[in-house]
Asker: 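Quick one: this structure, given as structure tokens, is what I'll be asking you about.
Computed from a predicted structure; not experimentally measured. Just so you know, ligand 1 is whichever comes first in the structure, and atom 1 is the first atom listed for that ligand. Reckoned from all heavy atoms, side chains included, excluding hydrogens, waters and symmetry mates. In this chain, numbering begins with 1 at the start of the sequence shown.
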Amino acid sequence: MGKAFVLGFVTAIATMTAAVCFFVMSGALPAGQDSKPSRLEKWVAKRSLEATMRREAQGLENPLQPTDDNLTAGIALYRVHCQVCHGGTEGGVSSIARGLTPNAPQLAKDGVEDDPEGVIYWKVVHGIRFTGMPAFSETLSAREMWQIALFAKHMDSLPPGARSAWLAGKAAP
Ligand code: HEC
């Protein structure tokens, strides 16, 4: 490799680094929740999340059975910890959910029943970086988080007891 090539290469890297620093420090990058992400940002975030799920959520199996007791416990926990962002049985979207970018999916309409329970559980445990989705690992037990994942997975196919608790807008303790 000639000296000129190496010098050119180093200069190009230095110029690019300076340009990125200048761009970041100029304040041109949106900082608010109310600015919509670009297609590139969405593409990168989605692919990256999917790849992490393939690596880390594989083989996570729910130890709990979908009984009325477990589902009803999941409903009660969902109301306290999730409903403000992910919605209840009928349509109203909270101001908190409206103010988030990316949006918090309203799970009764746009559910996660197709996702493996391990993926739902992983997201509850760890949250989703750079979004409004919180991690619950420090506030809920593994059993509670599996109960919530169980409910999210069966939201559209609840057995009668759990279904009436969900539709009643409250869950028996
Ligand atoms: C403060 C608002 C907020 C709370 C509270 C919250 N979430 Fe979320 N959640 C979000 C947002 C925003 C996203 C979208 C993240 C994204 O687009 O990657 C999300 C994404 C998810 C997803 C992935 C949805 C999909 O379509 O793949 C699941 C599952 C989920 N949340 C479950 C829960 C559960 C269960 C709880 C309660 C234990 C909860 N969330 C609490 C904001 C919240």
Asker: Please classify the Phe136 to ligand 1 contact at 4.0 Å (heavy-atom distances, strictly less than): side chain, backbone, both or neither.
Answerer: side chain
Asker: Taking 2.8 Å as the cut-off, does Cys85 contribute an N, O or S atom near atom 8 (Fe) of ligand 1, distance below it?
Answerer: no
Asker: Can you give me the closest heavy-atom contact between Gln106 and Cys85, atom names plus distance?
Answerer: NE2-O, 2.8 Å
Asker: Give me the residue, atom name and distance of the protein heavy atom closest to atom 28 (C) of ligand 1.
Answerer: Lys123 CD, 4.4 Å
Asker: Mind checking whether Trp122 and His126 have parallel, tilted or perpendicular rings, split at 30° and 60°?
Answerer: tilted
Asker: With the 4.5 Å side-chain cut-off for hydrophobic clustering, are Leu100 and Met133 part of the same group?
Answerer: no
Asker: Would His81 count as being in polar contact with ligand 1, using the rule that some N or O on each side must be under 3.5 angstrom apart?
Answerer: no
Asker: Distance to 0.1 Å, residue and atom name: give those for the protein heavy atom nearest to atom 8 (Fe) of ligand 1.
Answerer: His86 NE2, 2.0 Å
Asker: In the protein, what heavy atom is nearest to atom 16 (C) of ligand 1, and what distance, to one decimal place, separates them?
Answerer: Pro102 CG, 3.8 Å
Asker: Asn70 side chain to Gln65 main-chain N or O, any donor-acceptor pair under 3.5 Å?
Answerer: yes
Asker: For Arg39, I'd like to know if atom CZ has over 12 heavy atoms of other residues, nucleotides or ligands within 6.0 Å.
Answerer: no
Asker: Have a look at Val112, Val84, Ile96 and point out the one with the heavy atom closest to atom 29 (C) of ligand 1.
Answerer: Val112
Asker: Please report the shortest heavy-atom distance between Tyr78 and Gly87, naming the atom on each side.
Answerer: OH-O, 2.7 Å
Asker: Show the nearest heavy-atom pair for residues His154 and Leu150, with the distance to one decimal.
Answerer: ND1-O, 2.9 Å
Asker: May I ask you to list the atoms of ligand 1 that are less than 4.0 angstrom from any heavy atom of Ile148?
Answerer: 35 (C), 38 (C)
Asker: If you count the non-hydrogen atoms of other residues, nucleotides and ligands that lie under 6.0 Å from NZ in Lys36, is the total more than 12?
Answerer: yes
Asker: Where is the nearest protein heavy atom to atom 14 (C) of ligand 1: which residue, which atom, and how far?
Answerer: Asn103 O, 3.4 Å
Asker: Is Ala152 close enough to touch ligand 1? Criterion: a residue heavy atom under 4.0 Å from a ligand atom.
Answerer: no
Asker: Judged on heavy-atom distance to atom 11 (C) of ligand 1, which of Gly111, Ala104, Ala97 sits nearest?
Answerer: Ala104
Asker: For atom 37 (C) of ligand 1, grab the closest protein heavy atom and report residue, atom and distance to one decimal in Å.
Answerer: Cys82 SG, 1.9 Å
Asker: Gly132 heavy atoms, cut-off 4.0 Å: which ligand 1 atoms fall inside?
Answerer: 1 (C), 2 (C), 3 (C), 12 (C), 42 (C), 43 (C)
Asker: Knowing that exactly one of Val20, Ile13, Thr15 qualifies, which makes a side-chain contact (heavy atoms from CB on, under 4.5 Å) with Thr17?
Answerer: Ile13
